[in-house]
Number of protein chains: 2
Amino acid sequence: MGTINTAVAVGVDLGGTTVKTGLVSKTGEILYHNKFDSKGDQGPESVIKQIALSIKDAIAHRGGGEIIGIGIGAPGVVDNDGYVKAPPNLLHWDAIPLAKRLQKEFDGITINVENDANCAAIAESRFGAGKEYPDFLFIIWGTGIGGGIILNRKLFRGPTGGAGEVGHISIDHEGPLCGCGARGCIEAYIGQKYLSHNTAEKVKARPSSLILKLVGGDYAKIEPIYISQAAEAGDELARSILTEAGTLLGVAVGGVMNTMDLRVSVIGGGVSAAGDLVINAVRDSVRAHVLKPLRDDIRVIQSKLGNNAGILGAAGLVL
Amino acid sequence: MGTINTAVAVGVDLGGTTVKTGLVSKTGEILYHNKFDSKGDQGPESVIKQIALSIKDAIAHRGGGEIIGIGIGAPGVVDNDGYVKAPPNLLHWDAIPLAKRLQKEFDGITINVENDANCAAIAESRFGAGKEYPDFLFIIWGTGIGGGIILNRKLFRGPTGGAGEVGHISIDHEGPLCGCGARGCIEAYIGQKYLSHNTAEKVKARPSSLILKLVGGDYAKIEPIYISQAAEAGDELARSILTEAGTLLGVAVGGVMNTMDLRVSVIGGGVSAAGDLVINAVRDSVRAHVLKPLRDDIRVIQSKLGNNAGILGAAGLVL
């Protein structure tokens, strides 16, 4: 990376294990980035200290670039007053006004905080797969199923900042019990833990599957990345599992599209990296579940930004 | 009705069989109203003529009141250019720019057109059960299941005007086939036709139910009004059917609330008139299906305006 001589935003991607911070140009280039331990198991004070360290390090690398502002993507709900509430994997953290807490260390610089899935949605809207679509539903398909809604190129936060929680849409009122206490949540079918578990059961019935080879015969090690790899290599069981998972996701996405009059969904997160097989399954299923006036216009596309979406979307909060 | 001496909006409630028009004050009083045959089976020209007649009749009764504007609630999707598209029960009607077509007859008067479920949502927001809630999901539970979304006291139309179509949210991806072609749509469980049919099946297994007496022993005559009446009289089968229907509706409503960060739902339409039994069932089910941060704030309430919601909401378009 050469010397920076353009205005940059600081984008912070806060997670349970790491905090990653980047300097992002107005056109969405990451000109510098770092990675710190977030100390998510040591309580909020430690985490806030790590965030500050990470931001200071990035700012120290700004060269001749002016700092436009600091954007932070955090897990958990971020309410209208900037409180980050009950972020999963950040222990002993109830509700913290994160921007306010950091402000005294970065006097005079605008700091905005937003939920991480919402940040990723913003990133796809400004710099990624959603660039040409003013309105879309972004889905992040990983450990859980999260989402963000972009309307007229802006994030739709809902009345209190909690919008986009699509993971607990029930696709079967008599379906499997989800960790949230309800039945048939889409997350309880295709969230990483559930998908891995269900796949292990299926592999037991068909141990010739490549999936089992990829995990060295250890059923407990089965997770989506191996299902994807096996599917890419043509393993039939893996392909049918991912197709079914995409089909189920499409049921939930279709309901959102009907309700909100949307036609486009951008799918990100680890499982979506499996590519066309999954994306096509979601698309076919969404088309089958939306009303006729929407059907022909349905677009389901893979996210473009991968792991950079967090930093880019956070920077997008102040760009 | 005495002589009118206040400014009034003209609210038109267009349906497949009748067109009802009222003069509505700024405070939501209907000061005059009429009812014409809509001639929905005779093609758009006849319908437009009937609407014009109905509006003219209302305006002739305005007394000393100034006409603020004309609002029309129509079945079908109303797009951003004011085209009313494929309204059910209005035959041979593809897409008509209804306001434009009426404008020459009512020169100088603002005419706005909106989908009828959206109009009813507006009415509940301005004058009814949603008055104290800036954000809510309105459900109309009748022949079909429709809806309207109010955000910050305004109608959320979505990108092209189709928002609020909650009837085809699937609550079981392997559920019964719906008229729309998908499986498990909430409408395929509790829309009038489906609910009546399912109830008939249950009554056959328990012919001692009061429901059967209310329809004079004719299974084909079973419909929600009789289920409600039987439930009110304490009939156990009827009570269990309505409770189950409300529970199923709550699954779909819960998904919308999670996605859009809403906490309040107003339930209107014929079946909701059954009252507390149904409303409580919906509420319990919504609470069980939303995420924890929403749970305590969930409100599910019965609509207040009944059959007047159409006229009031249409008037609300120009008030």
Side-chain angles (χ1 to χ4, degrees), chain A residues 76-77 79 85-86 133-137 147 149 151-152 156-175 178 180-186 189 247-248 250-252 254-264 285 287-295 297, chain B residues 76-77 79 85-86 133-137 147 149 151-152 156-175 178 180-186 189 247-248 250-252 254-264 285 287-295 297:
Chain A
V77 170
D79 75 9
K85 288 174 158 176
Y133 302 105
D135 311 283
F136 65 87
L137 169 66
I149 299 161
L151 294 177
N152 204 12
F156 171 72
R157 305 188 76 247
T160 70
E165 284 287 359
V166 296
H168 299 275
I169 292 174
S170 175
I171 60 163
D172 183 354
H173 61 102
E174 291 171 322
C178 177
C180 79
R183 284 199 174 273
C185 299
I186 181 65
Y189 290 90
T247 302
L248 295 176
V251 179
V256 176
M257 288 188 164
N258 278 334
T259 303
M260 297 194 69
D261 189 33
L262 296 173
R263 283 147 182 81
V264 180
S285 175
R287 285 212 176 119
H289 284 90
V290 294
L291 289 165
K292 230 181 151 193
L294 299 176
R295 211 161 285 170
D297 299 331
Chain B
V77 170
D79 75 10
K85 288 175 159 176
Y133 302 105
D135 311 285
F136 65 88
L137 169 66
I149 298 161
L151 294 177
N152 204 11
F156 171 72
R157 307 186 76 248
T160 70
E165 284 287 359
V166 296
H168 299 275
I169 292 174
S170 174
I171 60 163
D172 184 354
H173 60 102
E174 291 173 321
C178 178
C180 79
R183 284 199 175 273
C185 299
I186 180 63
Y189 291 89
T247 302
L248 295 176
V251 179
V256 176
M257 288 190 165
N258 277 335
T259 304
M260 297 194 70
D261 189 32
L262 296 174
R263 282 145 183 83
V264 180
S285 175
R287 285 213 175 118
H289 283 91
V290 293
L291 289 166
K292 231 181 150 192
L294 298 177
R295 212 161 284 170
D297 299 331

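In the text below, chain A, chain B and the rest are named by the order of the sequence lines, each starting its count at 1. Computed from a prediction, not measured in an experiment: that's the story for all the values here.
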Next item on the list: Compare every heavy atom of B:A182 with every heavy atom of A:A288, then report the nearest pair and how far apart it is.
Entry: O-CB, 3.4 Å
Next item on the list: Go through A:T160, A:V256, A:V166 and name the one with the most non-hydrogen pairs under 4.5 angstrom from chain B.
Entry: A:T160
Next item on the list: State, to 0.1 Å, how close B:S285 and B:H289 come at their nearest heavy-atom pair, and which atoms those are.
Entry: O-ND1, 2.9 Å
Note to self: Can you give me the closest heavy-atom contact between A:G158 and B:D261, atom names plus distance?
What the structure shows: C-OD2, 3.6 Å
Margin query: Which atoms of B:F136 are under 4.5 Å from chain A, going by heavy atoms: the side chain, the backbone, both sets, or neither?
Written below: neither
Note to self: Given heavy-atom pairs under 4.5 angstrom as the criterion, report whether the side chain, backbone, both or neither of B:R157 touches chain A.
What the structure shows: backbone
Check: For B:I171, is it the side chain, the backbone, both, or neither that has a heavy atom closer than 4.5 Å to a heavy atom of chain A?
Finding: both
Notebook entry, point to check: So how far is it from A:S170 OG to B:L248 CG, rounded to the nearest 0.5 Å?
Noted result: 10.0 Å
Item checked: From CD (B:E174) to CG (A:D172), nearest 0.5 Å -> 7.0 Å
Next item on the list: Select one option (side chain, backbone, both, neither) describing which atoms of B:R287 are under 4.5 Å from chain A's heavy atoms.
Entry: neither
Checklist line | Most chain A-contacting option - heavy-atom pairs closer than 4.5 Å, from B:P159, B:P134, B:G161 | finding: B:P159
Item checked: Interchain contact, B:L137 with chain A, by part (heavy-atom threshold 4.5 Å) -> neither
Margin query: Under 4.5 Å from any heavy atom of chain B, what part of A:N258 do you find: side chain, backbone, both or neither?
Written below: both
Check: If you tally heavy-atom pairs under 4.5 Å against chain A, which of B:L291, B:V251, B:L262 wins?
Finding: B:L291
Next item on the list: Would you check if the side chain of B:D135 reaches a backbone N or O of B:N152 as a donor-acceptor pair within less than 3.5 Å?
Entry: yes
Notebook entry, point to check: What residue in A:R183, A:K292, A:H168 has the most heavy-atom pairs under 4.5 Å with chain B?
Noted result: A:H168
Check: Short question: side chain of B:R295, backbone of B:V290 - any donor-acceptor pair under 3.5 Å?
Finding: yes
